Amino acid sequence: MPIYSPLNLAKLGLATLSHSGRDALASMYCLQRFSFLPPPFLHGLVMHCPFVSGPDFESLISSLISNHKWSQLKSITESSNPTDFLHQLFHFKHFNSDLILSYFKWSQHAFQVTHSIESYVKLFILLANVRKYPKIRSLLHVFVKQGESISVSTFCHALLTLSDNSCACNVVFDMLISACVDTGKPELALECFRRAGDYGFKLSVVSCNSLLSALVKEGRIGNVEFVYKEMIRRKVEFNLITFNTVINGLCKAGRLNKAGDIVEDMKVYGIMPSVVTYNALIDGYCKRGGPSRMYKADALLKEMVKSGVFPNVITYNILIDGFCKDGNVAASIRLFEEMKVHGLRPGVITYNTLINGLCSDGKIDEAMRLRDEMLEMGLEPNIVTYNAFINGFSKKKMLKEAKELFDDIVKKGIAVNVVAFNTLINAYCKIGQLEEALALCNLMPEKMVSPNVSTYNCLIGAYYHVGDIEAANKILGEMEEKGLKADVVTYNIRINAMCRRGETRKAVRCLDEMCRKGLNPSHITYNALVAGYCQQGNPRAALTVKKRMEKEGKRPNVVTYNVLIKGFCGCGKLEEANKFLNEMLEKGLIPNRITYDIIKEEMMEKGFAPDIDGHLYNDLAKF
DNA sequence: CTAGGGTTAG
């Protein structure tokens, strides 16, 4: 093709410059198809002829974009800004959405610009009209992920003003919610959900479900209930997953009765509970079902079978774990055998759960037998399995064995995780071998493991324990410098240490501080303060703490009462002590060994036979 | 949409 020799090109270039812009561009269009055009040449050309629109120009741009001739396109657009150019593209008559999307992405990257929400929305609508949903999804993902502070109302407004196709608007906005959830911004997703109501966008059950699921994960049960109620009000379609998610959220929050109500709701809608529904309920009862939790969990198992829903491996895993944590490993083993009889094959999680239960119960030999069994079944022990054993050894103060196992894992090339480290670090801290604990901390970076809040909590607790308050505070500061936020346990440790030192005022300020930070004080937090005041011989002040915990919706537990009873006994106020003993019984709390010891000691001291209150004594004597 | 490991209190 002799006419495209470099010499001819140059001649043509000079010639075209003297022609009208339009002709020149047409020539360029011919040329660039052969990829010959040197960018500086094009740039010079464009500088000399102000833009003209029209089919030729459109074709040129279209061709450049579709063939990814970015450097040449850059030459052209350098004289106008990418945002204006994008707007020009939107007005092209026969320009397809793919080309605009292509330019959109390239220009953001090449010019380091972020297009406006309106531009995004224009593109989304364009894509929605030709049903290119996956493309919208991935672009929305980028949009949400990179957007620092996205104005949802601007987005809504743009959607309504730029499109009269309500279907497209609904789809785009629905996908926006999913994108927010997928990029870990549930707060934003929730705002979108609210706005969708204001602007009348119809949402799909899929995006609402994923929003619900994200809110459950964050433990925001109030928001879960809001979304659920709104879905009913707005007549969003429901499905089984919607109900299961809400039920699971309520169970996780300990709202078991409410969860039961939702089960009735779903039946009304003609949706029957599935194995997932029952599993969520059973898990809820196992973990937060009060004193008779395992009885209720077991009743649910029977109920599901009766209504024709068959338990699966997960159901058994939940129950086995529940019984283990309830201190009833024997029941767990019975279930383990039962599941095999029903043709369900225990998996790695099943074995790990049982092994952990046995190890926590000090039955390491039995746990070892199970490990052998899992190997026979072709199941590979993983880091969780090993951690259960490390924990078992640590609990038995067999730190040598624990450390040997740890080293073995490392040697085997299995990646040790932060839990393995924490288990061992905690064990060393507990027996006062701080140097060993610190040595492990120093090993963490080498194994590519970062300490977490729990790691620091172990160390902070250990330093308080040996009375090195300065070191504890130093490491607390170090933790916060690393961006790790103190959690409830951190505060419990601090508050407890303060109370033990008699600094109860300071401890209360610490409690206020954790509340300000949005942390929910636990029973342990309040109990530490109750104990602190009692130890100071000031059970009256301890009562104000009890009132505060009740106001916050935390019911005093056995520990709270034990501490109070001991406090009142300690300053000779036996009647008050007895009042609280009766109060705890009225509330259905079962006194434990410690309650019994406190009262017995007190009575003996006073020279009474410890059966003044015969009924109570009989109750206590059972322990 | 449901299941497993470590940390706090008397």
Side-chain angles (χ1 to χ4, degrees), chain A residues 209-210 212-213 216-217 239-249 251-252 274-284 286-287 311-322 324-325 347-357 359-360 382-392 394-395 417-427 429-430 452-462 464 487-497 499-500 522-532 534-535 557-567 592-595 597-598:
Chain A
N209 283 351
S210 62
L212 281 170
S213 163
V216 167
K217 250 187 213 117
N239 62 21
L240 178 62
I241 296 174
T242 318
F243 288 109
N244 285 346
T245 309
V246 174
I247 289 165
N248 179 39
C251 286
K252 289 244 154 40
S274 68
V275 60
V276 177
T277 323
Y278 278 106
N279 287 350
L281 285 167
I282 292 173
D283 191 53
C286 283
K287 296 199 168 73
N312 59 17
V313 175
I314 296 178
T315 320
Y316 278 99
N317 288 347
I318 293 167
L319 282 161
I320 288 171
D321 188 48
C324 282
K325 299 255 154 70
V348 176
I349 294 183
T350 320
Y351 278 100
N352 285 350
T353 306
L354 255 182
I355 288 173
N356 186 48
C359 283
S360 302
N382 61 17
I383 185 66
V384 179
T385 325
Y386 293 114
N387 286 346
F389 280 107
I390 294 175
N391 181 38
S394 298
K395 286 251 162 73
N417 62 10
V418 68
V419 178
F421 271 104
N422 288 352
T423 311
L424 258 186
I425 289 170
N426 181 50
C429 284
K430 275 245 168 78
N452 61 15
V453 182
S454 299
T455 321
Y456 280 99
N457 287 346
C458 293
L459 295 172
I460 293 166
Y464 278 135
D487 65 2
V488 179
V489 178
T490 320
Y491 276 97
N492 287 350
I493 293 168
R494 288 180 64 197
I495 289 171
N496 189 44
C499 289
R500 277 171 181 275
S522 64
H523 283 93
I524 296 171
T525 326
Y526 293 111
N527 289 348
L529 276 158
V530 171
C534 286
Q535 226 170 30
N557 61 14
V558 181
V559 180
T560 322
Y561 283 103
N562 285 350
V563 175
L564 270 175
I565 292 167
K566 193 174 179 178
N592 59 17
R593 179 82 218 177
I594 293 167
T595 327
D597 284 346
I598 294 167

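The structure displayed is predicted, hence computed values, not measured ones.
- Among the protein residues, A:R494 comes within range of no part of the nucleic acid, since none of its heavy atoms lies under 4.0 Å from any strand.
- A:N244 places no side-chain N or O within 3.5 Å of a backbone atom of A:I247 that could act as its donor or acceptor partner.
- Between A:H523 atom NE2 and B:dT8 atom P there is a gap of 18 Å when expressed in whole angstrom units.
- At B:dG4, one or more side-chain N or O atoms of A:K287 fall inside 4.0 Å of OP1 or OP2 (strictly under the cut-off).
- Rounded to whole Å, the distance from CG on A:N452 to P on B:dT7 is 12 Å.
- Rounded to whole Å, atom P of B:dG5 lies 11 Å from atom CG of A:N387.
- Shown here are the side chain to side chain contact (heavy atoms under 4.5 Å, CB included) partners of A:N391, two or more places apart in sequence or in another chain: A:N356, A:S360, A:K395, A:T423.
- Taking atom CG of residue A:N457 and atom C1' of nucleotide B:dT7, one finds them 6 Å apart after rounding to whole Å.
- With sequence neighbours excluded, the residues forming a ring-ring contact (aromatic ring centres under 6.0 Å, His included) with A:Y351 are A:F336, listed by chain and number.
- Listed pair A:K252 / B:dC1 fails the phosphate criterion, with no side-chain N or O lying under 4.0 Å from OP1 or OP2.
- In this structure, A:I390 places its CD1 atom 20 Å from P of B:dG4, rounding to the nearest Å.
- Summarising the geometry, the separation between CG on A:D283 and C1' on B:dG4 is reported as 11 Å, rounded to the nearest angstrom.
- Near DNA chain B, meaning a heavy atom under 4.0 Å from it, residues 312-321 of chain A has A:I314, A:N317, A:I318, A:D321 in order of number.
- Partners of A:K287 under the side chain to side chain donor-acceptor pair (under 3.5 Å) rule, at least two apart in sequence or in another chain, are A:D283.
- Under the side-chain contact (heavy atoms from CB on, under 4.5 Å) rule, A:N527 has a single partner from A:N562, A:L564, A:T560, A:I495, which is A:T560.
- Taking a 4.0 Å limit (strictly below) on heavy-atom distances, residues 239-249 of chain A reaches DNA chain B at A:I241, A:N244, A:T245, A:N248.
- With sequence neighbours left out, the salt bridge (charged side-chain N to carboxylate O under 4.0 Å, His left out) criterion links A:K252 to no other residue.
- For A:Y526, there are no ring-ring contact (aromatic ring centres under 6.0 Å, His included) partners two or more places apart in sequence or in a different chain.
- Qualifying side chain to side chain contact (heavy atoms under 4.5 Å, CB included) partners for A:S213, counting only residues two or more places apart in sequence or in other chains: A:K217, A:T245.
- B:dG5 atom P lies 12 Å from atom CG of A:L354, rounded to whole Å.
- Taking A:S522 as the reference, A:N492, A:T525 meet the side chain to side chain donor-acceptor pair (under 3.5 Å) condition, with sequence neighbours excluded.
- Between A:I460 atom CD1 and B:dT8 atom P there is a gap of 13 Å when expressed in whole angstrom units.
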